[in-house]
Amino acid sequence: MSHTAAPQFRGRIFADARSGFHAAPHRYDLSLSLSCPGCLRIAVTHALLGLADSVPLTLLPAVPDRAEGGYSALHGAYAATRHGFTGPAVAPVLRDRWTGRIVSNHAPHILRDLATRFRGPDAPELYPAAAEAEIAALGELCENGINAAAQRAGRREADTGATAELLAALDAVEERLAEPGGPYLLGARITAADVRLWVTLVQLDTVHRWHLGADTVQRIADHPWLWTYARRLLALPAFHGNLRLEEIHRRHHAHCRGLEAAGAAVQIIDWTAAEPAGSYV
């Protein structure tokens with residue numbers, strides 16, 4: 001149900017100007033396809049941090065246009081970075097505009113470098129030092145407890161424990177969100193954990209749901225705190241402004257060969273609507 005090439009480049013941005021890639025406004029740009037969950041996380045983060053001017057963003061089509069699964073628009077950057085490169089030129093890409101070379105196509109590194117090297121004084125602190133362990137644990141829960149478990153549950157030869165694992169992960173997040181303390185996972189301020197969870201929920205409802213039974217989808221939907229939280233985040237411009245439902249649909253059906261199940265007809269929430277935004281960030 002997924003189609004993702006392994007990252008080829010894992011350069012980092014440093015604060016020190018003596019390093020190879022240092023944080024300088026207008027030196028770097030991003031290329032993203034908003035149908036890809038990793039790219040969507042980067043786009044939301046980029047918008048939350050207000051980086052439209054200092055790190056320009058180019059949006060790519062939902063589905064790569066090259067036979068090997070890459071983008072023609074990115075081929076030059078890949079070739080400039082590695083002589084004789086023949087693999088797929090995939091997104092995301094953080095590119096050094098001074099040299100034309102790719103710094104990184106590894107989404108976790110790009111996310112952290114944007115949030116820590118380019119964050120302005122008025123932007124949210126998405127990776128607060130005191131919350132590093134919690135953010136990592138919630139990221140693991142999203143990746144393995146929700147995303148990977150949903151993929152296994154939706155396969156033709158379904159893993160019998162996958163649905164239980166998925167529901168247990170959703171229960172854990174539901175309990176956290178029901179606790180007093182703030183509208184976000186870690187309290188009153190938005191963090192990278194919220195971006196990660198929200199994109200995971202988008203994938204769960206718009207991609208994985210197509211391969212799950214109707215009863216399973218109904219049990220997933222029976223988490224009122226979780227889905228109200230998803231709609232509240234959807235009200236924020238950084239989230240709804242980067243959500244491309246039709247592009248996600250095209251990417252999924254271009255790559256997926258799984259069987260459609262009854263859960264496809266049971267939409268959990270309306271991603272075109274949102275809860276009142278209230279006071280955030």
Side-chain contact, heavy-atom cut-off 4.5 Å: [X] with [Y]?
X	Y	answer
Leu138	Leu197	no
Leu94	Phe9	no
Phe14	Asp113	no
Leu185	Val173	yes
Gln267	Asp205	yes
Leu166	Ile146	yes
Asp53	His26	yes
Pro128	Arg189	no

query = How are the rings of Phe85 and Tyr78 set to each other: parallel, tilted or perpendicular (split at 30° and 60°)?
reply = tilted

request  = Anything under 30° is parallel, anything over 60° is perpendicular, the rest tilted; go ahead and classify His253 against Trp210.
outcome  = perpendicular

query = Among His211, His208, Glu247, which one satisfies side-chain hydrogen bond (donor to acceptor under 3.5 Å, both in side chains) with His252?
reply = His211

Please report the interatomic distance [atom1]([X]) to [atom2]([Y]), rounded to the nearest 0.5 Å.
X	Y	atom1	atom2	value
Arg152	Asn144	CZ	CG	8.0 Å
Cys36	Gln203	SG	CD	8.0 Å
Leu111	Arg41	CG	CZ	5.0 Å
His46	Ser54	NE2	OG	6.5 Å
Leu186	Thr191	CG	OG1	4.0 Å
Arg232	Trp225	CZ	CH2	8.0 Å

Honestly curious: do [X] and [Y] fall in one hydrophobic cluster under the side-chain, below-4.5 Å linking rule?
X	Y	result
Leu245	Ile268	yes
Val63	Val202	no
Leu51	Tyr127	yes

request  = May I ask you to check whether over 12 heavy atoms, not counting those of Arg27, lie within 6.0 Å of atom CZ?
outcome  = yes

Closest heavy-atom pair and its distance - [X], [Y]:
X	Y	value
Ala23	Arg117	CB-O, 3.6 Å
Ala153	Ala162	N-CB, 3.6 Å
Leu212	Ala150	CD2-O, 4.0 Å
Ala91	Ser31	CB-O, 3.8 Å
Glu68	Gly87	OE2-O, 4.0 Å
His22	Asp16	CB-O, 3.1 Å

task = Go through the steps for His249 and Thr206 under the test side chain to side chain contact (heavy atoms under 4.5 Å, CB included), then give the verdict.
result = CA-CA 7 Å; His249 179 81; Thr206 63; over 6 Å; no

query = Sub-3.5 Å donor-acceptor pair from the side chain of Arg101 to the main-chain atoms of Asp96, do we have one?
reply = no

query = Is a donor on one side and an acceptor on the other found under 3.5 Å between the side chain of Thr81 and the backbone of Ile102?
reply = yes

ask   = Is there a donor in the side chain of Tyr71 and an acceptor in the side chain of Ser33, or the other way round, less than 3.5 Å apart?
value = yes

task = Using only heavy-atom distances, determine whether the side chains of Asp171 and His223 contain a donor-acceptor pair under 3.5 Å.
result = yes

ask   = What do the steps show when you test Leu74 against Val90 for side chain to side chain contact (heavy atoms under 4.5 Å, CB included), and what is the final call?
value = CA-CA 7 Å; Leu74 297 179; Val90 298; 6.0 Å; no

task = Before giving the answer on side chain to side chain contact (heavy atoms under 4.5 Å, CB included), spell out for Leu126 and Leu49 the whole-Å C-alpha distance, their side-chain angles and the decisive distance to 0.1 Å.
result = CA-CA 9 Å; Leu126 298 180; Leu49 296 169; 4.2 Å; yes

request  = Would you mind telling me which of Leu177, Ile220, Ile269 makes a side-chain contact (heavy atoms from CB on, under 4.5 Å) with Leu226?
outcome  = Leu177

request  = Go through the steps for Arg244 and Glu246 under the test side chain to side chain contact (heavy atoms under 4.5 Å, CB included), then give the verdict.
outcome  = CA-CA 6 Å; Arg244 305 287 191 274; Glu246 180 57 33; over 6 Å; no

message = Could you check whether Arg219 pairs with Glu174 (Lys NZ or Arg NE/NH1/NH2 to Asp/Glu carboxylate O, under 4.0 Å)?
response = no

